Structure formats: C-alpha cells, structure tokens
Number of protein chains: 4
Amino acid sequence: MPEAKKPNPARRNERSRHAILDAARELIREVGYAKVSIEAIAARAGVGKQTIYRWWPSKGAVVFDSFLALSGNPEEGITLPDTGDIEADLKLVMRATAAEFADPDFEAPIRALNSEIISDSGLAAQYREKLARPVDDAKKARLRAAQQAGQLASDADLDLVLEVLYAPLYQRWLHRSGPLTAEYADALVDITLRAFRP
Amino acid sequence: MPEAKKPNPARRNERSRHAILDAARELIREVGYAKVSIEAIAARAGVGKQTIYRWWPSKGAVVFDSFLALSGNPEEGITLPDTGDIEADLKLVMRATAAEFADPDFEAPIRALNSEIISDSGLAAQYREKLARPVDDAKKARLRAAQQAGQLASDADLDLVLEVLYAPLYQRWLHRSGPLTAEYADALVDITLRAFRP
Amino acid sequence: MPEAKKPNPARRNERSRHAILDAARELIREVGYAKVSIEAIAARAGVGKQTIYRWWPSKGAVVFDSFLALSGNPEEGITLPDTGDIEADLKLVMRATAAEFADPDFEAPIRALNSEIISDSGLAAQYREKLARPVDDAKKARLRAAQQAGQLASDADLDLVLEVLYAPLYQRWLHRSGPLTAEYADALVDITLRAFRP
Amino acid sequence: MPEAKKPNPARRNERSRHAILDAARELIREVGYAKVSIEAIAARAGVGKQTIYRWWPSKGAVVFDSFLALSGNPEEGITLPDTGDIEADLKLVMRATAAEFADPDFEAPIRALNSEIISDSGLAAQYREKLARPVDDAKKARLRAAQQAGQLASDADLDLVLEVLYAPLYQRWLHRSGPLTAEYADALVDITLRAFRP
DNA sequence: TGGTAAGCGAGACGGTACGTCCGGTCTTTCG
DNA sequence: CGAAAGACCGGACGTACCGTCTCGCTTACCA
C-alpha cells in the first residue's frame, strides 16, 4: 500500500494555523472568494505554501476551516429563546436570519461558502455536520417543545418543518429573487405554522 | 469616457457561436465545470480565443448561454398539465422535478450553473429572466387556475407559494441533505396545499 | 500556374499610400521600430489592414518605403563639394556623417532600418540600390576627380576606398564602441588617404 | 522604490539553464532567429516559461547567452599566431574570418546576434565586453608585437587599426555588398599595413 | 544534553490557463 | 473593383497560480 504520508498533528505550529485562517478570512473579504489564491494566503500569513498543502487538501477546505474557526467552537449547544409563544419566537429568529443574510458584510463570505459547498460534496458533508447541525438541533429542540405544547402537529417531521421554514428564505437570497424583509420572515413563519398545525 | 469597444453583432459568425456553445456543453459534461477552460472551449470549437472574449465577458457567461441554447427558445410559453385536480397535477410536476435533480447526467451541469449564479449577480438576473421566469409563469398560471377553482386561497401570493413548494427541494439538492424521493415530492405538495388552502 | 493575384497599380489610392508611409514614420519615432505593428499603422493611417497587405509584403518593406519617401526622390544625382582639396572635402563630408549618426533624432529610425536590412536580404538589395547607391556614386565621382588630380592612386578600387573610409565609422556607431567625434572623422580621412596615396 | 524582485541565483537549476541555452541554439539554427519564440524554447527545453522569464529579460538576452555559452569561457586569453611576419599572420587571420562569415552555418546565428545588438544597447555592451573584447585583446597583442618589431607605426592607435582592418569586411557581410574572398581579405591587410606603416 | 528528524519559511521548478496583442486572411459594405 | 472596416483563426506574449520539490533553519523529542 503506497499509504500517503501523514504529517504529525502534534508537531503542528498553531501560530501558522491561525495566521493562515486569518489571512484567508481577510482576503475573502477584501477581494472575494474567487480571486483568493493559496499563494496569496501564504504570503499574507507569512507562511510557506507547503504548510498549507500539508494540512489542507484544497482552497475550499482552508476557507471552510476559516469559517469554522470564526463561528467559535460552541462545544455546548446553542439554545433558542423560548417564551412559550412559538410564533413570536420563530419570528424573532427568522427576522434575525433575514437581517443577517441582508448584511452586506456577510454577503461575500457566505456566498463563497455556498459556492464551494455546491460543487464539493465532501465540504457539503462537513458543512452539514459542523456548521448546520448544531444550529438545526437547537431549532428542532425549540420545535419539539412547541409540539409538546400542542402548537405543532405531534407527528410533524421536524427536518421538513425546518426546510419549509428556511429554504424559501435561503433560495430568495441565493438567487436574489426578492427582498429579505421582516414581513417576509413573518410570512414564512405564518405559513409554516399553518401547514404544520395540529 | 472610456467607452468600451463594441463589436458589431451584425457581422457575428453564427457558425462559430454555435461551435462555442456546443463545445462548452460537451466539455462540462466530460470534465466538469470547474475544469473547463476558455482555452479548451476555443480549441474544441476550432475557434480563436479572441472570438470568445469578443462576445462573452466570462466563462460563466458562455456556459450560461450554452444552457439557454440547450433549453431551446420556447418562444411560446410552456404549459403545465391541468386535469382539474391541483394536488395530482402538482405531484406529477414535483416528482418530475425531483427525478430530474436526482439524474446524475443533469447533476454536473446544473450544479455548475448554480455555482456561477450564486456569485455573479449579473448572471443571476439573466437566470431569473431567461430560464426561471418562463417556467415560473407556467406554474403560476396553473396555480391561478386552482385559485379560481377554489382549491387555493384566493389571496395567496403565488410567488410565495412557488417558493414554499420548490425551495425545500432545491435546498435539499444543493446541500445534499436528504434523498429526493417521490414521497418527499408528494409531502411538499401536501404541505403547501395545506398552508395555502382557502 | 497558380499565379498570385496582382492588384492593379493604376487604381492605387495615392492618399492611402501617403497616409500609411507617414503613419509608419511617426510610429517608429514614437515607440521604436520593434514595437510598431501593422495594425497600429493601419489604425493611425485610417486605412484597412488589407490595404497594407495588398501593396507591401512585410512591415520591413513599409518602413523601408517610408524612408525612401522621406529621402525625397533625388532623380538627378547628388553632388559632393569639390574645392580641389580632397582632404578638406572628405573631412567635411565625414564630419557631417559622424554628426548625423550622433544625432539622437536619427538614431532610432536608422537603427530600425539597419536591423531590418541585416536579416532580410531582399530589403538589403533594395537598400543598396535605392538608398546607398546614389550617395556612393556621388562619393565615387568626387574620388575619381581626386584620382585625376593625382591625389589618389590611379589604380585604387573606389568601392574599397569607400569601405575603408566609412565602414569604421559605421561599425563604431552600430556597436556603440566609441565616440563619433570630428577628430575621429578626420583621422579616418587621413588614414584612407595615406593608404591610397599614389 | 519599486525594487524588482530578485530571484536567488544560488538556487538556480543548472540543468534547466543548460537545456534552455541548448534549445535556443538549436531553434535558431532550425527556424531562424525571428521565428524563435520563448514559448518554443521553453517547450523544447522541457522547462516552464517562467523559468526563462525569471532569469532573462528578453529573447535577445537568452540568445546572447547561448552564444556566450557556445564560445566556451576562454578564461585564459586567446593568442594569435606569431611567425614574426605581421602581414602573413594577419592575412591568415583575415582569411579565416572571411571564411567564417561566408559559412552558411554561421550566417543565421551571427546575423541574429547582430540584429539584436543593434537595437539593444545593453546587449551591445555585453557583446563588446564578453565576446568582442577577448578577441580584440588578442589581436592587439599581436599588433603590439609588430609595433615593437618596427613593422607598424609605434604611435598607431591599435583600436583604430583594428577598425580599419575589420570594419570593411564586417560591413560588406552585413550589407551583402560584395563577396568575402581571400583576395579581399588580403587587400584589407595590405591597405591597413600601408596606412599604418612606420 | 546532544543528535536527529519533523515542521517550517522561502522560493525555484514544470506546467496550465489567463486575457491581450497582433499576424495574415476573409467577408461585408460602400463609393 | 479598390478600399474602409472589422470579424475570424491562430499563435505568442508576459503574468498568475497551481501543486511539487528542494533548500537551510528552528524546534521538540529521544537516547
């Protein structure tokens, strides 16, 4: 077996790792994902190219990791507000999500991330596992509470509920096919609750 | 005023245009969007690179046009089946859509198209106008008929209905977050009709 | 016989011909011979490229013709001064030649011409015939007079005399291997006269 | 200060350097200087284009270096024959020079070199220093011996002697204005010795 | 505690593609 | 029918990065 050489993670230089992820994030913001090159990341980070190739298989992977690092490592799960009023709580969250998507500062990097995810199934899996899952779990926890409170059909598939709730917003943002207003966020909550009411 | 030089479209060589779009489509199928180069398209089409740069601003634009050309030019609008039963009709269409997305032959090119659209707002606009709109119009026509038949709330925003119906499927495909089965298609129709019933 | 198509010179547009030669001369002065392109000449002259290709076989030929046109057409021969004192007369001419070579305005075009002549034997022949010959004939006429006056060996090969007289100056200029001063010009005359004295 | 990036010569790959110079020489011989492209040199040498651009500023510089490499590096000076008879010795050398110029194998490359030298003063300086100087020094050494033997005027400027001796031959070759025969070589020696005799 | 092997910065290398320029040919339109 | 305009195929330009490959140098582990 040829068996690719594996570098020893114990010896990894944490200083370099950070510099690389920081440089990646900065460059994406400054010039856009498509124009970021590994050479530029290495130069900006003051690092040899080989150090990047040693630890990451592709530009996408570096960028992805830079997102992971950014989102902190929420070892303990996130929790959504629970006032007992599922409609109010969801509208709060949905409006926040819509606002985040509309924020031009988040625009470029999130588009970069999505672009990479579409065509790289490995990164897509990582994305689901590391970035989407924790958030989705928190949302599902809140929905489960609503089910128990009789505000949602008890047999509703919560993954499906999440999709109906978020996918329209996501698609509208991705295709720039309409404005992401608070009213729109509210409308999606209303529709979802109507579709899945007990 | 810098005023870019404009080539004269009247003198355009239709033979070359076709060869380029054909070559683009072939290459995407053969090696995948990311690995297609303008150089390769020109070589395959038996065309000078300048002839591509003269008429298209980017690789994405060429690829996009090759899709447009493929989808024919449905001068006259498309029409969806109308048996009078909106649920049955929608399930038919949704199952077909799910099947299309699941078809590995369509996989690569559609992902390429979406990847390009996400980060190029100009192409996104063209996409909405030239590819999405005609199809959406046909769908909305069918929904409107359902409204008149009292199968759908008469005040429902049809754009929103379409989003709730299709976006979950689209997102699931994009993120590969679940299987695109006929059951799933049916479920989306059921949910949408419940959400927007009169 | 395939017999290349020959355009009919009678129909040639004199206005275009002039514009082309003028444009060529201007561009050589402005950007240097090597960077002049046929496209640029055509654009500057307000002429189609084909009009250049129709009448000239190469860029070198155009440039050469632009020199010919510049040097006027001395239908009637040139004459050198003849004071009876061959030494004085030659020194006058040689100093003028040295000064001309040293003039930075003449530098670029003459180097361009020579560069072209070196590697294109056709142009070299034209150069000898059209540009060098008339001048050389005038010089030889003066030398012949000196022979008859007993100031030069009567059996001297006048072509050789010219070479001994001018070639060192020419080579020094071409290779930039030394200054082209009046003293140097004088020295060459002295040496030549000594070598070929009766 | 813009300060161009300097590659580190210590890291230079000698194998590539040789391959490039060899390829350049071969291609000049095969297709002629004007038609040699850097791309072709790189391809023939099995080298990336950047490796050429990293170490040479222009095609001319590569070609020039390939000449330098060819002429070996005569660390120790060259010496001309010295039989005590300056006329015989010079005729021997001049005939050899004439023969070399007339050799069609040397024709193309030497013309290429001269063409490049004319319009690039940097290369001209290198030419004088690296190629012409060593040879000229050897010639001047022989002439100096002749001066001490009383065969040449003791106050003769040896640079000038060399010019009178060689420039006519050089010009005749450059302009193809006459045959380069042994008789012509002899005549130039005779004339020069007469001009500079004590 | 000194030797040695890994990771590291630097950057040269063989390559591929970029987007531009121009060479020479061909076609369309006008006078 | 010559000429202007300019699109076309082709090929080279010089640049940017790719991913791989040495080079010393520093650093951490083991003997």
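Hydrogens, waters and symmetry mates are skipped; everything else that's a heavy atom, side chains included, is used. By convention in this document, chain letters (A, B, ...) are assigned in the order of the sequence lines, proteins followed by strands, and residues within each chain are numbered from 1. The structure presented is a predicted model; accordingly, all values stated were derived computationally and were not measured.
- Atoms OH and CD, on D:Tyr33 and D:Glu116 in that order, are 3.0 Å from each other to the nearest 0.5 Å.
- In this structure, CZ of A:Arg54 is placed 11 Å from P of E:dA6, rounded to the nearest angstrom.
- Here OG1 of D:Thr51 is found 4.5 Å from CZ of D:Arg54. Values are rounded to the nearest 0.5 Å.
- Proximity of residues 24-35 of chain D to DNA chain E (heavy atom under 4.0 angstrom from any strand atom) is not detected for any residue.
- Comparing E:dG23, E:dC13, E:dG7 by their closest approach to the side chain of A:Pro7 singles out E:dG7.
- In this structure, C:Thr51 does not reach the F:dA3 phosphate: none of its side-chain N or O atoms is under 4.0 Å from OP1 or OP2.
- Rounded to whole Å, atom C1' of F:dG2 lies 12 Å from atom CD1 of C:Ile20.
- Separating the CD1 atom in C:Ile117 from the CD1 atom in D:Ile118 is a distance of 9.0 Å, to the nearest 0.5 Å.
- Residue contacts for B:Arg12: at a heavy-atom cut-off of 4.0 Å it reaches the sugar-phosphate backbone alone, with no base atom in range.
- Looking at the side chain of D:Glu39, the nearest of the listed nucleotides F:dC18, F:dC8, F:dA12 is F:dA12.
- Between the C1' atom of F:dG6 and the CG atom of B:Asn13 lies a distance of 13 Å, rounded to the nearest Å.
- Here C:Ser115 contributes atom OG and C:Asp120 contributes atom CG; the two are 11.0 Å apart, rounded to the nearest 0.5 Å.
- Taking a 6.0 Å sphere around CZ of D:Arg15, one finds it holds 12 or fewer heavy atoms contributed by other residues, nucleotides or ligands.
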Going 5' to 3' through nucleotides 20-31 of chain F, assign each nucleotide B (protein heavy atom under 4.0 Å from a base atom), S (under 4.0 Å only from sugar-phosphate atoms) or - (no protein heavy atom that close).
BBBB--------
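- Take the nearest nucleotide of DNA chain F for C:Gly46 and for D:Lys59: the residue whose nucleotide is more 5' is C:Gly46.
- Side-chain proximity of A:Trp55 to F:dC8, E:dC13, E:dC8: nearest is E:dC8.
- Rounded to an integer number of Å, the gap from CZ of C:Arg15 to P of F:dA4 is 10 Å.
- The salt bridge (Lys or Arg N to Asp or Glu O under 4.0 Å) check on B:Glu30 picks up B:Arg44, with sequence neighbours excluded.
- With rounding to whole Å, D:Arg17 atom CZ is found 12 Å from E:dC13 atom P.
- Here the P atom of nucleotide F:dG14 and the CD1 atom of D:Ile41 are 11 Å apart, to the nearest Å.
- Comparing D:Glu14 and C:Ala40 along DNA chain E, the residue whose closest nucleotide (by nearest heavy atom) sits nearer the 5' end is D:Glu14.
- With sequence neighbours left out, the salt bridge (Lys or Arg N to Asp or Glu O under 4.0 Å) criterion links C:Arg17 to C:Glu14.
- Positionally, the nearest nucleotide of DNA chain E for B:Ile38 lies more toward the 5' end than for the other of C:Ile38 and B:Ile38.
- Taking only side-chain atoms of B:Ser16, from C-beta outward, the nucleotide of F:dA12, F:dC8, F:dA4 with the closest atom is F:dC8.
- Here the straight-line distance linking atom CG of D:Leu21 with atom CD1 of D:Ile52 works out to 9.5 Å at 0.5 Å rounding.
- Straight-line distance from the NZ atom of B:Lys6 to the P atom of F:dA5: 18 Å, rounded to whole Å.
- For B:Tyr127, the ring-ring contact (aromatic ring centres under 6.0 Å, His included) partners are A:His175, not counting sequence neighbours.
- At least one side-chain heavy atom of A:Val31 sits less than 4.5 Å from a side-chain heavy atom of A:Val36.
- Using a 4.5 Å cut-off on side-chain heavy atoms (C-beta onward), D:Ile20 and D:Ile41 make contact.
- In this entry the distance linking CD1 of D:Ile52 with P of E:dG15 reads 12 Å, nearest Å.
- Two end axes, each from the C1' atoms of five base pairs, can be drawn for the helix from E:dT1-F:dA31 to E:dG31-F:dC1; they diverge by 10°, to 10 degrees.
- Side-chain atoms of B:Lys49 never come within 3.5 Å of backbone atoms of B:Ala42 as a donor-acceptor pair (strictly under, hydrogens ignored).
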